[in-house]
Participant: 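Input: one structure, supplied below.
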Amino acid sequence: MKNIHYLCIALFLAAIQWSYAQEANKVTFDVAGNCGMCKQRIEKAGKDAGASQIVWDPNTGKAEVIFNSKKTSVSKIKEAIAAAGHDTDEFKAPDEVYNALHTCCLYERMGEEGAVTGKKMQNNPDDPAHHDHDHEVRGVVVNESENGNLKPIQGATVYWLENPEKKVQSDKDGIFKIMHEHDYKRLVVSHTAMQADTLEVTKMHEVLVVQSKNNVLKEVVVSRQQKSNYISRMNATRVETLTARELFKAACCDLSESFETNASVDVVSSDAVTGSKQIQMLGLSGIYTQLTVEGLPGPRGFAIPLGLNSISGSWIDAINISKGIGSVVNGFENMAGQINVELKKPHNTDRLYFNAYGNNMGRTDVNLNVSQRLSDNWSVGFLLHDNFMYNRHMNFSNNGFRDIPVGNLFSGVNRWHYQNDHGVIVQFGIKYLHDNRVGGEIDFDKNNDQFTTNRYGLGFINKRVEGFAKVGYVFPTNLHRSIGLQLSASNYDQESFFGLTGYNNNHSSGYANLIFQDVIGSEAHKYKVGASLQYDKYKEDLFYTSPGINYQMGRQERVAGVFGEYTYSPVEKLDVVLGLRQDHNNLYGWFTTPRGVIRYQPATNTTLRLSSGRGQRTANIFAENLGIFASSRSIANLDGIVNGAGAYGLRPEVSWNTGFSVDQNFSLFGREAGVSFELFHNNFQNQVVIDWENPREVGFYNLEGKSFSNSLQTEFRFMPIQHLEARFAYRYLDVQTDYQTGRLQKPLIAKHRGFMNLGYNTHGGWSFDYTLNVVGQKRIPPTTGNPVQYQLEDRSPAYVTMNAQVSKTFGKNKNFDIYVGGENLSNFFQKDPILAFDQPFGSNFDTNMLWGPLTGRMFYTGIRYHIK
């Protein structure tokens, strides 16, 4: 894989050269939409752009256009339709315009897997064979005026002719929901302002649009359902989106548990005692993956080790995963990928959502989300999460240590949303976290044993407060032009102890990002420019009660920069994104971040992407490796590190990432299927090497030589039978670093991983989900310097884990769920997670040699309840 850069470029150029011979132009094209209101909007926009005639068919998603080429062009017509809010096969509607559409018109965005492609879905569940079950039918009632305008009808009465006793009414948006039962076929719709009529419903499983004109009612069209996990074909960057439905496949109590049904991201325990977890992507630690929350910085700096626990799974609306290099708009720290978490927003989420979870290990989670629309412009929401863990006797390996620290974590978000009809959008709020945990030996008592040799214990109290705001303005006269300001400020405070060692830190940060975007002439030439400022103030206090040494460290880091990004999209099948930013770090001076992405579609269902770029970050070696304190290892050259210039006397980490991917969708046995192939190479120009090769110490030093990771992943998605989704994946990792002792594979990283996820859903509200992970061998750092009883093999065994969940939806409004599941059903766990556990204050004690699951088989149950 040494010539992987050249291989990726050669493959990409060969595909482009081959495909240019296949080009053809048509006057019939795809337009995404749902209903009669969409049809009206699409055809009006097309005529305003010069089309002499345009007819959009909502059943096929195709628009047939007749136009005079001397007066307009197909591209101009498509651009005008997109500007009105509807994706075409060449232009994508601005997010601000799409989000402002009527609820009925919120179609699935084009380019997302399963979105409208101009063909009807095969194996339609709405054939007569699929009408013999109970499920919820959703729809909207609208009225067409004499001039063709459509308006939602509130208060329309809807019921089945076969069961007139059960009636529902449409809300202010004209939307209704009614349960369908066996053999119900005829729907009665009536209103005081119109004559009642009976409709023969032919589309039971999709959104019905009931349109009235001159007191005549008819079922118009249906919308398509969104997949729980999809990859956008339109985005230049390859983004895998996990929706809330995907997260429901597992317990997902917090963000660290939200990737259990995903093959791209690993979440592993950092050590055997602290309970902290970290992301691994492309074989690299989570510190190299940029974590953002709605485009703003997520837990970073000192908050990274325990940050995944601070975001509740019930708050999440979607998770966007992009591997490799990202946009310069988001900053310079992204080196292996980006994970952006979209939280539930008060203006478009449930008015109330409640979730309660408990497992047989003694953990309980309670979540409550509340939102309220205060007016047409203002909405407010609260997201609350409380986690309890008080079973201090959980100890699968029988070594006398708690597998998971006990205590309580509380977190909450209060957020506000404002939007008017003049292009102004404002969001702001505050987040709070308080996490108090105690671990160590089962009988450890913090009040009596802390900082003594009576029993070994550890604990931490973490507090984090964050304020955030986003202000955006879309120019009414040019919907492609907008300006946005992102702001956030936070303070993170940690008090912790590990045996006889204490470690406290405090991190105050501020962030501002100003973005302006527009087009040059047409949407074929888009650009973004802006400026950003990142401020971080760090304080650390490290003390050893024996022999009574105290180290205090601190630094202020200010990074100011400007950026520009140009996107060239001459046709729907090609995007070229070139970005450049220039930043100044007060500790390290000026640095440049170039990045580029190419997306190309040689055929409708084939998407190729090539990306490359630079990333840079400053390492926080102690906060990012808390497990070093839960060990008898000494820190090599500690005095030099503490007194070093800048950040610990170490240079910033710098790497280049290049990636190539292919996504191919096709039909297999009459059903949707897809296969993807990804190849990424990350090459460090400098890295802060963490050296575990000496069992008596841990070293931190600048890279001298090479450090790289090669990641290859392939995934296959298929529906073997109706209602059953299957995903299979295989991943190969080659991660090597030049240590002071020579080049070695990075420890505790599996070269091989296999993955399978099966999801089956019935119309009766049952859901069955199963996930299988096969994890290959991992290199274990040498322990030959330890006494024989404290030595480990140089390789861990391969192992298999299995998770499964069954859930059932109940209630008249299908708003009550019960779920039961199990994790690690194979009951495989590491039998020796702590070396020298019998001598925790001795010279061989080490909790960092964790290569496998820390706990065995676990069962859980929970309930969900929501009010729309």
Side-chain angles (χ1 to χ4, degrees), residues 1-14 237-238 240 262-266 268 278-290 321-326 334-339 595-598 608-617 653-663 675-690 703-716 729-739 742-755 773-780 795-796 798 851:
M1 293 190 178
K2 292 182 179 180
N3 297 319
I4 191 169
H5 293 278
Y6 304 108
L7 175 62
C8 290
I9 294 172
L11 288 171
F12 201 78
L13 293 177
T237 303
R238 188 179 191 272
E240 180 180 4
N262 178 268
S264 298
V265 180
D266 291 333
V268 298
Q278 65 168 312
I279 291 171
Q280 290 180 354
M281 188 183 292
L282 305 184
L284 300 175
S285 170
I287 57 178
Y288 301 112
T289 298
Q290 186 177 22
I321 303 170
S322 56
K323 297 179 184 177
I325 216 66
N334 175 7
M335 302 170 80
Q338 179 179 353
I339 295 176
R595 294 178 178 178
V597 178
I598 301 175
L608 312 177
R609 290 182 177 91
L610 177 67
S611 64
S612 187
R614 181 186 188 274
Q616 177 170 318
R617 67 178 296 272
E653 297 189 289
V654 177
S655 74
W656 283 82
N657 185 290
T658 299
F660 173 70
S661 66
V662 181
D663 291 290
V675 64
S676 62
F677 171 84
E678 305 169 65
L679 189 61
F680 286 90
H681 174 71
N682 198 89
N683 183 39
F684 282 94
Q685 306 300 300
N686 183 59
Q687 186 179 24
V688 175
V689 178
I690 307 172
L703 175 68
E704 296 294 337
K706 292 184 177 296
S707 181
F708 60 87
S709 72
N710 295 316
S711 172
L712 183 153
Q713 179 172 314
T714 183
E715 185 170 353
F716 173 62
Y730 166 76
R731 188 183 62 215
Y732 171 81
L733 296 174
D734 179 26
V735 188
Q736 299 185 40
T737 299
D738 285 342
Y739 296 91
R743 183 172 299 180
L744 297 168
Q745 287 282 342
K746 186 177 179 180
L748 307 179
I749 296 290
K751 272 194 170 186
H752 305 277
R753 182 193 174 194
F755 169 87
N773 280 287
V774 181
V775 182
Q777 293 184 331
K778 304 177 183 179
R779 185 180 77 86
I780 301 176
R795 298 278 170 179
S796 70
W851 50 261

Participant: Return the CD1 to CD1 distance between I690 and I287, rounded to the nearest 0.5 Å.
Facilitator: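 The CD1 atom of I287 is 5.5 Å from CD1 of I690, to the nearest 0.5 Å.
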
Participant: Measure the shortest side-chain to side-chain distance between N657 and L282 over non-hydrogen atoms and say whether it is less than 4.5 angstrom.
Facilitator: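 Side-chain contact under 4.5 Å: yes.
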
Participant: State, with a plain yes or no, whether a side-chain heavy atom of V675 is found less than 4.5 Å away from one of T714.
Facilitator: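 A side-chain contact under 4.5 Å exists here.
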
Participant: Return the CE to CG distance between M281 and L733, rounded to the nearest 0.5 Å.
Facilitator: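 M281 atom CE to L733 atom CG measures 12.0 Å (nearest 0.5 Å).
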
Participant: Please determine whether side-chain contact (heavy atoms from CB on, under 4.5 Å) holds for the pair K751 and Q745, giving the CA-CA distance in whole Å, both sets of side-chain angles, and the decisive distance to 0.1 Å.
Facilitator: CA-CA 9 Å; K751 272 194 170 186; Q745 287 282 342; 3.3 Å; yes

Participant: Which heavy-atom pair separates Q278 from S285 by the least distance, and what is that distance?
Facilitator: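 The pair with the smallest heavy-atom distance is OE1-OG, 2.7 Å.
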
Participant: With sequence neighbours excluded, tell me which residues meet side-chain hydrogen bond (donor to acceptor under 3.5 Å, both in side chains) with Q290.
Facilitator: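 side-chain hydrogen bond (donor to acceptor under 3.5 Å, both in side chains) check on Q290 returns nothing, list empty.
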
Participant: Within this structure, what is the CG-CD distance for the pair N262 and E715, rounded to the nearest 0.5 Å?
Facilitator: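 So the CG of N262 and the CD of E715 are separated by 7.5 Å.
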
Participant: Does E678 have any salt bridge (Lys or Arg N to Asp or Glu O under 4.0 Å) partners at least two apart in sequence or in another chain, and if so, which?
Facilitator: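 Checked E678 against salt bridge (Lys or Arg N to Asp or Glu O under 4.0 Å); matches are R238, K323.
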
Participant: What is the minimum heavy-atom distance between G283 and V735, and which atoms define it?
Facilitator: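 Heavy-atom minimum between the residues: O-CG2, 3.8 Å.
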
Participant: Minimum heavy-atom separation for A263 and A729, please, with both atom names.
Facilitator: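 Residues A263 and A729, closest heavy atoms: CB-CB, 3.6 Å.
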
Participant: Who pairs with S655 by side chain to side chain contact (heavy atoms under 4.5 Å, CB included), at least two apart in sequence or on another chain?
Facilitator: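 Expected list: M335, N682, F684.
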
Participant: Could you pull out the closest heavy-atom pair between S264 and Q713, with the gap in Å?
Facilitator: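 The pair with the smallest heavy-atom distance is OG-NE2, 3.6 Å.
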
Participant: Restricting to non-hydrogen atoms, name the atom on L284 and the atom on A336 that form the minimum distance, rounded to 0.1 Å.
Facilitator: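 Smallest interatomic distance, heavy atoms only, reads CD1-CB, 3.9 Å.
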
Participant: Report the residues that fulfil side chain to side chain contact (heavy atoms under 4.5 Å, CB included) with T737, sequence neighbours left out, ordered by chain and then residue number.
Facilitator: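 T737: side chain to side chain contact (heavy atoms under 4.5 Å, CB included) contacts with Q687, V689, L703, S707, Y739.
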
Participant: Please round to the nearest 0.5 Å and tell me the distance separating atom CG of L679 and atom OG1 of T658.
Facilitator: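 Answer rounded to 0.5 Å: 10.0 Å.
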
Participant: For the atom pair CD1 (I325) and CZ (F680), what is the distance rounded to the nearest 0.5 Å?
Facilitator: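 If we round to the nearest 0.5 Å, I325:CD1 and F680:CZ are 10.0 Å apart.
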
Participant: Got a donor-acceptor contact below 3.5 angstrom from the R595 side chain to the R614 backbone?
Facilitator: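 Yes; judged by distance alone, with no hydrogens or angles, the pair exists.
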
Participant: Could you pull out all residues at least two apart from V597 that satisfy side chain to side chain contact (heavy atoms under 4.5 Å, CB included)?
Facilitator: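 Checked V597 against side chain to side chain contact (heavy atoms under 4.5 Å, CB included); matches are A236, T237, V577, S611.
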
Participant: What pair of heavy atoms forms the shortest contact from S796 to I780, and how long is it?
Facilitator: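 So the minimum-distance heavy-atom pair works out to N-CD1, 3.8 Å.
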
Participant: Could you work out, with side chain to side chain contact (heavy atoms under 4.5 Å, CB included) as the rule, every residue matching D266, not counting sequence neighbours?
Facilitator: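 If we apply the side chain to side chain contact (heavy atoms under 4.5 Å, CB included) test to D266, skipping adjacent residues, the hits are Q280, R731, R753.
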
Participant: If the plane angle is over 60° it's perpendicular, under 30° parallel, otherwise tilted; pick one for F660 and F677.
Facilitator: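 Rings of F660 and F677: perpendicular, as their planes differ by over 60°.
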
Participant: Is there side-chain contact between R795 and R779, with at least one heavy-atom pair below 4.5 Å?
Facilitator: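 In contact.
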
Participant: Under a 4.5 Å cut-off applied to non-hydrogen side-chain atoms, are H752 and Y730 in contact?
Facilitator: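 Yes; the side chains approach each other to less than 4.5 Å.
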
Participant: How many angstroms lie between NZ in K778 and CD1 in I749, if you round to the nearest 0.5 Å?
Facilitator: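 Separation between the atoms: 7.0 Å.
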
